[in-house]
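One structure is given here, and the rest of the page talks about it.
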Amino acid sequence: MARKVIIAGNWKMNKSGSEGKALVEDLKGRVAGYNDVDIVVCPPFTTLAAVVKAAEGSNIKVGAQNVHWADNGAFTGEISAGMLKEAGVEYAIIGHSERRQYFGETDETVNKRLKAALAAGLKPIVCIGELLDEREGGKTEAVLAKQIKAGFAGLTSADMNKIVIAYEPVWAIGTGKTATPEMAEETHAYIRKAIAGLFDGTTAEAVRIQYGGSMKADNAAELVKQPDIDGGLIGGASLKADSFADLIKNASSK
Ligand code: 13P
């Protein structure tokens with residue numbers, strides 16, 4: 001089954017409104033016509049409005065980096081799925097390893113955020129991945145199985161059809177160490193098998209699984225060529241229009 005490649009830029013805590021607008025205006029021209037790839041940029045909350053406006057009428061979609069599980073209420077500093085929808089946001093990253101590491105995110109809170117995002121009609125990009133000592137201790141599959149089982153608890157196959165999974169080995173994020181295409185493929189195939197076990201084969205075949213962790217223009221083609229790698233979630237290389245556009249072009253089959 002052909003799954004459409006999805007390349008998403010996670011800007012993390014980078015780019016003001018004016019910088020984000022300039023980046024997207026530059027990127028638009030460079031990636032026009034690359035319609036075989038879903039292109040997403042995920043700026044910080046305060047940059048969303050400028051980027052949504054700059055991306056209007058282009059093939060660039062906009063995502064948030066987090067979403068709260070409640071519709072509204074006493075949750076100082078949080079943003080709801082409905083607020084993001086109203087702002088013109090289409091995707092939401094959920095459970096990024098930096099949120100798990102620094103902000104107390106757990107599989108349970110991932111699950112709550114995910115359900116709220118789905119209920120509001122956002123398209124969730126759910127991040128999973130193992131730490132270096134877990135990889136070295138031979139625990140990668142067990143860690144991913146737990147993240148998948150608890151993160152996707154209570155969801156239906158129809159829900160899974162709206163979700164993108166981002167596999168980000170934590171040891172490869174911002175370190176310049178990319179998993180080799182073979183190593184990444186092996187893990188992606190395992191994730192797809194785990195989804196088949198929890199849901200069914202058709203759902204597993206349809207779900208898109210992105211790779212994330214030091215993905216760049218020069219390793220993108222090799223990674224997305226792997227049968228179970230359907231795109232990338234990009235940090236550093238998404239912060240400049242030229243490097244991100246080159247990466248998108250190399251991931252495209254055009
Ligand atoms: P880098 O591409 O900078 O390694 O970051 C990956 C990432 O965390 C994307 O969410």
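Both ligands and their constituent atoms are indexed starting at 1 by order of listing. For this chain, numbers begin at 1 and follow the sequence in order. What you see is a predicted model; the values in this text were computed from it and never measured. Below, each value reflects all heavy atoms present in this structure, side chains not excepted, and no hydrogens, waters or symmetry copies.
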- Message: Does the structure place the NZ or CZ of Lys254 under 6.0 Å from the centre of the six-membered ring of Tyr34, at an angle of no more than 45° from the ring's axis?
- Response: yes
- Task: With side chain to side chain donor-acceptor pair (under 3.5 Å) as the test, would you mind laying out the steps for Arg192 and Thr203 before giving the verdict?
- Result: CA-CA 9 Å; Arg192 203 175 296 289; Thr203 304; over 6 Å; no
Tabulated below should be the N or O atoms of ligand 1 paired with protein N or O atoms at under 3.5 Å; can you produce that?
from	atom 1	to	atom 2	distance (Å)
ligand 1	2 (O)	Gly235	N	2.9
ligand 1	3 (O)	Gly236	N	2.9
ligand 1	4 (O)	Gly174	N	2.7
ligand 1	4 (O)	Ser214	N	2.8
ligand 1	5 (O)	Lys12	NZ	3.4
ligand 1	8 (O)	Lys12	NZ	2.8
ligand 1	8 (O)	His96	NE2	2.8
ligand 1	8 (O)	Glu168	OE1	3.4
ligand 1	10 (O)	Asn10	ND2	3.0
ligand 1	10 (O)	His96	NE2	2.9
ligand 1	10 (O)	Glu168	OE1	3.2
ligand 1	10 (O)	Glu168	OE2	2.9

- Any donor-acceptor N/O pair, Thr47 side chain to Lys15 backbone, under 3.5 Å: yes
- Task: Ignoring hydrogens and angles, state whether a donor on the side chain of Ser214 or Thr178 is under 3.5 Å from an acceptor on the partner side chain.
- Result: no
- Query: Can you tell me how far CG of Asp230 sits from NE2 of His188, rounded to the nearest 0.5 angstrom?
  - Reply: 8.0 Å
- Task: Using atom types as modelled and distance alone, determine if a side-chain donor or acceptor of Lys139 lies under 3.5 Å from a backbone N or O of Leu144.
- Result: no
